Amino acid sequence: MSALTVDPVPGNGQGWDDLVRIWEETDAPEGCKVEIIEGIVTVSPPPSKDHNTTAELLQRRLYSVIPEDWGIYQTLGVSVPGRAGLYIPDLVVLPREVASGPGNRVPAEEVRLVVEITSPANANHDRIGKAHGYARAGVELFLLLDPWHTGRPTATLYGEPSDGTYRVLEAVEYGETLTLPKPFALDLDTGMFPVS
């Protein structure tokens, strides 16, 4: 992972608009993910095959329970300016009308579920920085799939965001069932996910 540090505080010459412009102009190799995490433009390598398989397996199950007018996206930017962040979640679920039209990002408060799958290079960003960013922006549900969790792969569902923090709604080791609440109402067998 590489990073470009930018001061996101308005008045110092590098405000939110400047940060987004740098993000938009960053020329990363194909397949790499460019994000803004706590005011730093980061470039992550393409995800592994197991990472992609996990996203695909979850996406397949989510399509069976989401409303017809919602979509699931893998490369959509989620804007979290209050945390100087612009994240590209592994999966983001939201009404299709919000994701339609020009541009490449949506406001975080429109998101119904965001999913991050950790990789060795980004695990701490997903576990800490992005969790705080999503909570502060009011994203209703955050599912962290963490095959790199110390000890044993873990799935953690966060919800009820308040003052930049989430409440842990449920945490299970891979192999156990995690339940996504309504409007999803999905019992998710985490044993289907590959362990890296």
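Nothing fancy with the numbering, it's 1 onward along the sequence. Predicted model, so just to flag it, every value in this text is computed and none were measured. Atoms considered below: every heavy atom in the structure, side chains included; atoms not considered: hydrogens, waters and symmetry mates.
- Counting heavy atoms from C-beta outward, Val115 and Leu113 have side chains that approach closer than 4.5 Å.
- Under 4.0 Å is where a charged nitrogen must lie from a carboxylate oxygen, and between Arg152 and Asp146 no such pair does.
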Practice problem: Assess whether side-chain contact (heavy atoms from CB on, under 4.5 Å) is satisfied between Leu76 and Val106, documenting all intermediate values. | Solution: CA-CA 7 Å; Leu76 187 61; Val106 297; 3.8 Å; yes
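- Looking at every heavy atom in both residues, Glu176 comes nearest to Thr190 through O-OG1, 2.5 Å.
- In this structure, CZ in Arg136 is found 12.5 Å from CD in Glu109, a value given to the nearest 0.5 Å.
- Looking at Asp187 and Thr179, their side chains do bring a donor and an acceptor atom within 3.5 Å of each other.
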Quiz item: Would Leu144 and Asp126 count as a side-chain contact (heavy atoms from CB on, under 4.5 Å) if you check the C-alpha gap in whole Å, the side-chain angles of each, and the deciding distance to 0.1 Å?
Solution: CA-CA 8 Å; Leu144 179 65; Asp126 291 347; 3.9 Å; yes
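- In this structure a side-chain-to-backbone donor-acceptor pair under 3.5 Å is present from Asn122 to Ser119.
- A pairwise comparison of heavy atoms in Ile117 and Pro147 identifies CG2-CD, 4.4 Å as the closest pair.
- In plain terms, the two heavy atoms of Leu178 and Leu143 that are nearest each other are CD2-CD1, 4.1 Å.
- Rounding to the nearest 0.5 Å places NE2 of His125 at 7.0 Å from OG of Ser44.
- Nearest approach of Pro194 to Tyr174, heavy atoms of both residues: O-CE2, 3.9 Å.
- Here OH of Tyr166 is found 10.0 Å from OH of Tyr158. Values are rounded to the nearest 0.5 Å.
- Note that CD of Glu170 and CG of Leu188 are 9.5 Å apart. Values are rounded to the nearest 0.5 Å.
- Under a hydrophobic-cluster definition in which Ile, Leu, Val, Met, Phe, Trp and Tyr are linked whenever side-chain heavy atoms come within less than 4.5 Å, directly or via other members, Val78 and Ile128 are assigned to different clusters.
- Side chains of Thr177 and Val172 form no contact here, defined as non-hydrogen atoms less than 4.5 Å apart.
- Of all heavy-atom pairs spanning Ala155 and Leu145, the tightest one is CB-CD2, 3.6 Å.
- Dense packing is recorded around CG of Asp69, with more than 12 heavy atoms of other residues, nucleotides or ligands lying under 6.0 Å away.
- Taking 4.5 Å as the limit, some side-chain heavy atom of Leu58 sits within range of a side-chain heavy atom of Phe193.
- Put simply, CZ on Arg127 and OG1 on Thr154 are 9.0 Å apart, with the number rounded to the nearest 0.5 Å.
- Between Leu157 and Pro181 there is a side-chain heavy-atom pair separated by less than 4.5 Å.
- Between Leu180 and Leu62, some side-chain heavy-atom pair lies under the 4.5 Å cut-off.
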Practice problem: Dump the intermediate steps for side-chain contact (heavy atoms from CB on, under 4.5 Å) on Arg96 and Trp70, then the final yes or no. | Solution: CA-CA 5 Å; Arg96 191 172 297 112; Trp70 287 14; 5.8 Å; no
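- Of the possible polar contacts, none joining the Arg105 side chain to the Gly103 backbone as a donor-acceptor pair under 3.5 Å is found.
- For Glu97, the CD atom counts as loosely surrounded, since its 6.0 Å shell holds 12 or fewer non-hydrogen atoms of other residues, nucleotides or ligands.
- Taking the six-membered ring for Trp, Tyr134 and Tyr87 have ring centres closer than 6.0 Å.
- In this structure, the side chains of Val43 and Lys33 stay at 4.5 Å or more apart for every pair of heavy atoms.
- In plain terms, the two heavy atoms of Ala108 and Val80 that are nearest each other are CB-CG2, 3.9 Å.
- Summarising the geometry, atom CD belonging to Gln59 is positioned 5.0 Å from atom CD1 belonging to Ile72; distances are rounded to the nearest 0.5 Å.
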Practice problem: Please test Asp90 against His51 for side-chain contact (heavy atoms from CB on, under 4.5 Å), starting from the C-alpha separation and ending with a verdict. | Solution: CA-CA 9 Å; Asp90 293 301; His51 188 283; 2.8 Å; yes
